[in-house]
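Okay, so here's the structure we're looking at.
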Amino acid sequence: MQTSVVTGGAGFIGSHLCEYLLGKGERVIAVDNLGSGSENNLKGALKNDRFKFIRHDMREPLKIGESVDFVYNLASRASPVDFDQYPVEIMMTNSIGTYNAIDLALEHNARFLMASTSESYGDPEVSPQPETYWGRVNPVGPRSCYDESKRFSEALTMNFIWHHGLDGRIIRIFNTYGPRMRLDDGRVVPNFVTQALEGKPLTVYGDGSQTRSFCYVSDLVRGIYLMMQSPVKGEVVNLGNPNEMTVLDFARTIIQKTGSSSPIDYRPLPVNDPLQRRPDITKAKQLLGWEPEVSLDEGLKNTITWFSRNMSEIKEKLS
Ligand code: UDP
């Protein structure tokens, strides 16, 4: 039986990945400091005797006293709202934390996957963004704590592959949504869905003409698994849904799907907010035979159902 370690395993994407790996028959060790992740996300996984949770901050070295075949490095806060509150923590997690995760992989002779981000491209001048694009990132802007530390994590991974025998690979994750996003995470999906369900105005930043492409979490997790299973040492691959839309259209879609009568409230555009983002997934198709399968309709239906159930649970607890 093969064993995977998932750092950030109690987070939104990490917890879905843990369940997927358990479904594949693996042993899974989730590692998380519960900074932005939650044990609630692991309720299902914890019932499985092939699953183990270790509360640990990846900024500290990690020893695991059993054999490890795969290390998925997903540990990092990822919401732009957190960039203001936890900038240095984010930078240390993506630098020292990635170093510690690589060290763990090398010690066990395990395959390593670095979960990087579309933020590596910054505010791109080309669209869609292929992996060969170097990006346009402001190194001293408000998003730099995340963008630059993820770029550092990519460079660290590649140099360990080239010079220290690491069997590593890098994915760049584009906007992903689905159940278990934190309700107060501040990103566009939790904000719009909770606002629409509560009948509050949807806060569209800027004029809403900036674009994003939304990938449902089950599609992403399947791509992550394929990337780890494939002989793609040293490759960098975009994982995301190329179905691009403006933020304003996305707000209107959420209003329509929730049956809400919320108005739109225009707020200032955050500094350095990327104006366009859309993955070129040609490489993922060629190398992994992967492309998204879940439509926005279906993905949003699941997501809205999950949010509405969890919002009422939270309200009940508070009342
Ligand atoms: N956004 C918005 N209203 C919100 C939250 C986000 O209009 O309440 C916009 C944000 O400015 C960005 C896009 O939605 O253009 C996606 O933002 P998010 O924070 O989800 O992630 P990002 O793609 O910027 O990392």
Side-chain angles (χ1 to χ4, degrees), residues 11-13 36 74 76-87 90 94 115-124 127-129 135-138 141-151 171-217 220 238-255 258 260 262-279 296 299-300 303-304 307 311:
F12 158 52
I13 295 172
S36 57
L74 274 66
S76 173
R77 293 178 180 271
S79 168
V81 170
D82 288 344
F83 302 170
D84 270 344
Q85 277 182 354
Y86 304 97
I90 289 170
N94 283 321
S116 185
T117 167
S118 57
E119 288 278 338
S120 286
Y121 301 121
D123 188 5
S127 184
Q129 294 85 55
R136 183 169 66 138
V137 173
N138 178 357
R143 299 172 86 94
S144 64
C145 61
Y146 189 67
D147 299 5
E148 294 291 16
S149 63
K150 282 289 188 187
R151 286 165 67 97
I171 53 167
R172 294 194 179 128
I173 300 176
F174 284 65
N175 295 68
T176 303
Y177 71 102
R180 300 195 194 138
M181 293 191 95
R182 256 166 47 216
L183 300 181
D184 61 349
D185 153 296
R187 279 186 282 190
V188 70
V189 173
N191 275 9
F192 284 180
V193 174
T194 53
Q195 289 161 349
L197 289 171
E198 289 182 328
K200 292 182 179 159
L202 270 65
T203 51
V204 168
Y205 300 160
D207 61 6
S209 62
Q210 70 274 32
T211 67
R212 293 293 186 272
S213 313
F214 296 99
C215 184
Y216 190 64
V217 65
L220 178 79
N238 288 336
L239 292 180
N241 192 318
N243 180 16
E244 182 181 21
M245 65 198 298
T246 66
V247 166
L248 184 57
D249 278 342
F250 189 62
R252 291 188 176 128
T253 306
I254 300 286
I255 290 172
T258 50
S260 169
S262 291
I264 289 191
D265 178 13
Y266 292 93
R267 301 275 181 89
L269 187 69
V271 177
N272 293 158
D273 195 290
L275 289 181
Q276 55 182 352
R277 186 180 291 154
R278 177 184 178 195
L296 188 65
L300 280 182
T303 308
I304 290 167
F307 270 83
M311 282 166 67

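Note that the coordinates shown come from a computational prediction; the quantities given were computed from them, not determined experimentally. Values reported hereafter were calculated over all heavy atoms of this structure, with side chains retained and with hydrogens, waters and symmetry mates removed. One-based numbering, in listed order, for ligands and for the atoms of each.
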request  = Report yes or no: does Arg151 contribute a side-chain atom to a donor-acceptor pair with the main-chain N or O of Ser120 at less than 3.5 Å?
outcome  = yes
request  = Could you tell me the residue and atom name of the protein heavy atom closest to atom 11 (O) of ligand 1, and the distance to it rounded to 0.1 Å?
outcome  = Asp273 OD2, 2.5 Å
key: Proximal candidate to atom 2 (C) of ligand 1 [heavy atom criterion; set Phe250, Phe214, Phe83, Tyr205]   = Tyr205
task = Report, in ascending order of atom number, the atoms of ligand 1 lying under 4.0 Å from any heavy atom of Gln210.
result = 9 (C), 11 (O), 15 (O)
task = Search all heavy atoms of Arg278 against all heavy atoms of Pro242 and return the closest pair with its distance.
result = NE-O, 2.9 Å
ask   = Which ligand 1 atoms are under 4.0 Å away from a heavy-atom of Val204?
value = 7 (O)
ask   = Does any N or O atom in Asn175 lie less than 3.5 angstrom from one in ligand 1, N or O only?
value = yes
inquiry  = For atom 24 (O) of ligand 1, what's the nearest protein heavy-atom neighbour? Residue, atom name and distance, please.
reply    = Arg143 NH2, 2.9 Å
ask   = Going by heavy atoms, is Arg267 under 4.0 Å from ligand 1?
value = no
key: Under 3.5 Å: donor-acceptor pair, side chain of Glu244, backbone of Pro128   = no
inquiry  = Parallel, tilted or perpendicular: which one describes the rings of Tyr177 and Tyr216, with boundaries at 30° and 60°?
reply    = perpendicular
note = The protein heavy atom nearest to atom 16 (C) of ligand 1 is Arg212 NE, 3.5 Å
request  = Return yes when Glu119 approaches ligand 1 closer than 4.0 angstrom through a heavy atom, no otherwise.
outcome  = yes
inquiry  = Any side-chain to backbone donor/acceptor pair from Ser260 onto Gly199? Under 3.5 Å, distance only.
reply    = no
inquiry  = Check for me whether Met181 has a heavy atom closer than 4.0 Å to any atom of ligand 1.
reply    = no
inquiry  = Would Arg187 count as a polar contact of ligand 1, with the cut-off being nitrogen or oxygen pairs under 3.5 Å?
reply    = no
query = Looking at ligand 1, does any of its N/O atoms fall within less than 3.5 Å of an N/O of Gly186?
reply = no
ask   = Near Asn191, which atoms of ligand 1 are under 4.0 Å from a heavy atom of that residue?
value = 4 (C), 5 (C), 8 (O)
message = Can you check which of Ala78, Pro80, Ser213 brings a heavy atom nearest to atom 19 (O) of ligand 1?
response = Pro80
request  = Identify the protein heavy atom lying closest to atom 3 (N) of ligand 1, giving its residue, its atom name and the separation to 0.1 Å.
outcome  = Thr203 O, 2.5 Å
task = Specify the protein heavy atom at minimum distance from atom 17 (O) of ligand 1: its residue, its atom name, and the distance to 0.1 Å.
result = Val188 CB, 4.1 Å
remark   = Residues Asp185 and Pro190: closest non-hydrogen pair is OD1-CG, 3.9 Å
inquiry  = Tell me if a side-chain donor or acceptor on Thr211 pairs with a main-chain N or O of Ser209 at a distance below 3.5 Å.
reply    = no
